[in-house]
Structures are given as structure tokens and as C-alpha cells.
Amino acid sequence: MAKTWEQITTILSEAKFKLPRGQKEVKKSTEKVGSKTLDVRYGEDKRGKIYVYIDGVSMGDPYINIKAADKEMKNIKGIMKQLGEEDISKEEILNVIQETNK
């Protein structure tokens with residue numbers, strides 16, 4: 001059976017993104033925000049802190065636990081949906097987040 005374009009792109013993005021050394025993946029999901037699809041990964045370090053990555057871009061400081069990270073991701077998805085309605089691309093949003101976290 002042939003795979004859809006979305007399945008192929010998901011497989012390829014999963015293959016190219018690796019969590020930083022010292023983190024293990026505890027959760028991953030594909031989220032639909034408007035017409036955009038986001039690859040969301042949650043990594044946990046040895047201290048139990050949770051890091052979140054959207055399409056390979058770090059969302060900054062770690063969260064205390066997975067519940068706090070999920071709550072913040074819900075807020076981020078809402079903001080991304082709102083900005084998407086204003087014709088701001090997903091890449092522009094992620095670039096700003098990446099620049100802010102440097």
C-alpha cells in the first residue's frame with residue numbers, strides 16, 4: 001500500500017531529528033494547527049526536566065514535568081494558530097522562537 005505525502009514527510013522528519021545527547025524521548029506527537037502540521041517531541045534529561053521541540057526547534061527552558069510542558073504546548077499552538085491566520089508562516093514563527101532562545 002502506498003504511503004500518503006504526509007506519512008512520508010513525517011517519517012523523514014523523524015529520521016532527521018535527534019534529541020540532544022543526554023535526553024531520551026518520552027513523548028511525540030503530530031499536531032495540526034490550522035493548515036500546518038507540527039512535529040512535537042518531548043525529551044527528558046537525567047534530572048527529570050522536560051524539553052520540548054517543535055519541528056526540531058527547542059522551545060527554550062525545560063519544564064518541571066510533562067503536564068506543565070503539555071499545558072504550555074497548548075498555549076503555543078493557540079498562538080501559532082492565531083499568527084497563522086495573520087499570514088505569518090510556521091517557519092517565521094519557529095525562527096523567532098529559535099532566535100529568542102539563543
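Just so we're clear, the structure is a prediction, and the values are computed from it rather than from any experiment. Values below: every heavy atom of this structure, side chains too, minus hydrogens, waters and symmetry copies.
Note on Lys49 versus Glu44: no salt bridge recorded, every NZ/NE/NH1/NH2 to OD/OE distance being 4.0 Å or above. Salt bridge status for Asp45 with Lys24: absent, with no side-chain N to carboxylate O gap under 4.0 Å. For Lys90 and Asp55, the salt-bridge test passes: some basic side-chain N is under 4.0 Å from an acidic carboxylate O.
Rounded to the nearest 0.5 Å, atoms OH (Tyr53) and CD (Gln23) are 3.5 Å apart. The CE atom of Met80 sits 9.0 Å away from the OG atom of Ser89 when rounded to the nearest 0.5 Å. For the atom pair CD of Glu92 and CG of Asp87, the computed distance is 10.0 Å after rounding to the nearest 0.5 Å. Taken to the nearest 0.5 Å, the CD1 atom of Ile54 stands 6.5 Å off from the CG atom of Leu94. Rounding to the nearest 0.5 angstrom, the gap separating the CG atom in Leu38 from the CD1 atom in Ile76 is 10.0 Å.
Atom NZ of Lys81 has 12 or fewer heavy atoms from other residues, nucleotides or ligands within 6.0 Å. Counting non-hydrogen atoms of other residues, nucleotides and ligands closer than 6.0 Å to CG of Asn75 gives a total above 12.
Val40 has its side chain within reach of Met73: a pair of non-hydrogen atoms, C-beta onward, lies under 4.5 Å apart. Side-chain contact between Lys27 and Ile66 is present, with heavy atoms from C-beta onward closer than 4.5 Å.
The heavy-atom pair separating Tyr42 from Ala69 by the smallest distance is CE2-CB, 3.8 Å.
Hydrophobic cluster membership is shared by Ile93 and Ile79, with clusters built from Ile, Leu, Val, Met, Phe, Trp and Tyr side chains linked at under 4.5 angstrom. No single ILVMFWY cluster, assembled from side-chain heavy atoms under 4.5 Å apart, contains both Met59 and Val96.
Judged by distance alone, with hydrogens and angles left aside, the side-chain atoms of Ser58 form a donor-acceptor pair with the main-chain N or O of Gly60 at under 3.5 Å.
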